[in-house]
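The chains referred to below are lettered A, B, ... by the order of the sequence lines, with proteins before strands, and numbering in each begins at 1.
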Amino acid sequence: MTDETPVPTGPEPEPPVPGWPKESGERFDKAKALAALGHAVYPTRFTRSHGLAAIIKDWGELTTEELAAKAIDVSIAGRVLTLRSHGKTGFATLTDGDANLQVYVRKDGVGDPAFAVWNLVDMADFIGVSGRLMRTKSGELTVQATSLAFLSKALLPLPEKWHGLTDVETRYRQRYVDMVANPEVRKTFVARSKMVAAIRRFMDERGYIEVETPMMHPIAGGALARPFVTHHNALGVDLYLRIAPELYLKRLGVGGLERVYEINRNFRNEGLSAHHNPEFTMLEFYTAYFDCRDVMAITEELIENAAIVATGGTDITWGDTVLSFKTPFARIRMSEAIANALSKELPQPVTVAEVEDTAKLKAIVTTEAFVAACRRKGVPAAEYRKLSHGKTIESLFGDFAEEGLIQPTYVVDYPVEISPLAKRRADNPEFADRFELFMSGMEIANGFSELNDPLEQRARFLDQIESRAGGDDEAHSMDEDYVRALGHGLPPTGGCGLGIDRLAMLLTNSRSIRDVILFPQMRPEGGRRAE
RNA sequence: GUGCCUGUAGCUCAAUGGUAGAGCAGCGGCCUUUUAAGCCGUUGGUUGUGGGUUCGAGCCCCACCGGGCGCACCA
């Protein structure tokens, strides 16, 4: 400070909540001034005549003269996005989420008491305006206010209007701010909702009934994944958040529900990435008397339909490329996808027969050329020496083939070893009658002819338990009740699980799963709790 | 869990190891058709946290707390 006389100022406004920015103090003072004028700062209701989108749709094309002649009176409400004050007049742009509309307030139009309220309005506040539709000199459709209602105070300021909110951490943690500051975020979640609604409609129309099965499981089954553990006090037992609803949905098949689906959350205790959130939404559906191929047919039809509803077509923009969701999707055997991918990496072409032969495949993964290929990919080649044939195929597919499946592609014929709940192929018992659907290198769906032989299922569980004993903590546990259910007879059934979040990513051109989950998992603010 | 990057005003961003700044927002003033309103004036900082090096740290070093991307695990 210099030794000049300081400008006298009033008492500094105090933020109403410790830690809030100084501006919240200014806004709180205005709220108090509003109350002093006899207005509720948080009134209960306001009657709108129209939504903003409806006004623009019905009258947005009318000329200045037509609007004047028709004398259309409306009552609108919304959040103040921008504010331009001119002394005895002012303009504000309101938004109601669907659309924006300008309002024009004149002191001689609303009267002195209402204009005093106007002078206490900040950006981000909610107001209601009644008045007549007009067009300004510059041609913008505007409501010229005859009355003004204060509807809700925003004590905190929104991000500035030019750059909006870009800090990704704040965007995910404070999604409410993100959605106001970045309108396209709202569009993404509206599109996701349309997609899910389209899927429900699709299933309902085909005679499927929607069911809800337990989220807390005594045994975490139906997928190969690590679960979250929780505890029930009264029962005195640990429970697992479900990793998949599969085994419960198939119990319903035993009970006589021939077509069921569930759209709900699964929880897997694994790392986070652009493609993984610990809780994620899956569609699972089961159809009596369907096999794997029937399930593939209905799955691609469902996805094509969802794309049309959510985006208007089957050509989906995905970054620099266009994905075609037009059915039928490409199909490739898993061994063939591996043979193709390996042939590009190795000096000698690899055949499907070689991939499917235990000894020959083992020989390939121990060659110098293969080790070199692994090094190029950053994959530990030594791991391959320890793997069984089925696990080798699984790893080769993941390491070499998967990333190349950009257009929607069904991969079929999975090793039985990695498919403990799927039926064997009748013509080749080494392989399960199973498919997975890949798009843009991501797994989107997984389905198969359900294993319904209780004794083979029990044997498969026992194999899994052996793997678990061998250190595979994602292997399946024994579920005796599920075996008992199968013991009562499950009709031939085809099932499918489809990742809703990932499909939403593709249909909204979102690079990260966090952009299609409203509140993605983050570390708690303030850091990890002390142990 | 690991490698690289990153954290500065409410928001978006500057600042060779040498006085922490700008735009918007805010506050005061003028303004009855503006629209990134304008013009004049002006407040605002524990530079994520804690240590260290240095005459001097937003900048260099260490640890920690968050976040992003890649890898691992997985869908």
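Distances shorter than 4.0 Å separate some side-chain N or O of R84(A) from OP1 or OP2 on A37(B).
Donor-acceptor pairing under 3.5 Å, judged by distance alone, is absent between the side chain of T166(A) and the base of U12(B). Between the base of G23(B) and the side chain of E160(A) there is a donor-acceptor pair shorter than 3.5 Å.
If you check residues 89-101 of chain A against RNA chain B, the residues with a heavy atom closer than 4.0 Å are T89(A), F91(A), listed by number.
Contact annotation for E140(A): base contact, defined as any heavy-atom pair under 4.0 Å involving a base atom. Among the atoms of the strands shown, base atoms are found under 4.0 Å from some heavy atom of N277(A). Across all strands, T170(A) comes closer than 4.0 Å to no nucleic acid atom at all (heavy-atom distances). Q102(A) comes within 4.0 angstrom of a base, heavy atoms only.
Listed by chain and number, the residues in a side chain to side chain donor-acceptor pair (under 3.5 Å) with D108(A) are R106(A) (sequence neighbours excluded).
Comparing R135(A) and G271(A) by the nucleotide of RNA chain B whose heavy atom lies nearest to each, the residue mapping closer to the 5' end is R135(A).
Residue P157(A) has its side chain nearest to G10(B) when only A37(B), U33(B), G10(B) are considered.
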Nucleotides 67-70 of chain B: which of its N/O atoms have a protein N/O under 3.5 Å away?
residue: G67(B); atom: OP1; partner: R173(A); partner atom: NH2; Å: 3.4
residue: G67(B); atom: OP1; partner: R523(A); partner atom: N; Å: 2.8
residue: G67(B); atom: OP2; partner: R523(A); partner atom: NH1; Å: 3.4
residue: G67(B); atom: O4'; partner: E169(A); partner atom: OE1; Å: 3.1
residue: C69(B); atom: OP2; partner: R514(A); partner atom: NH1; Å: 3.2

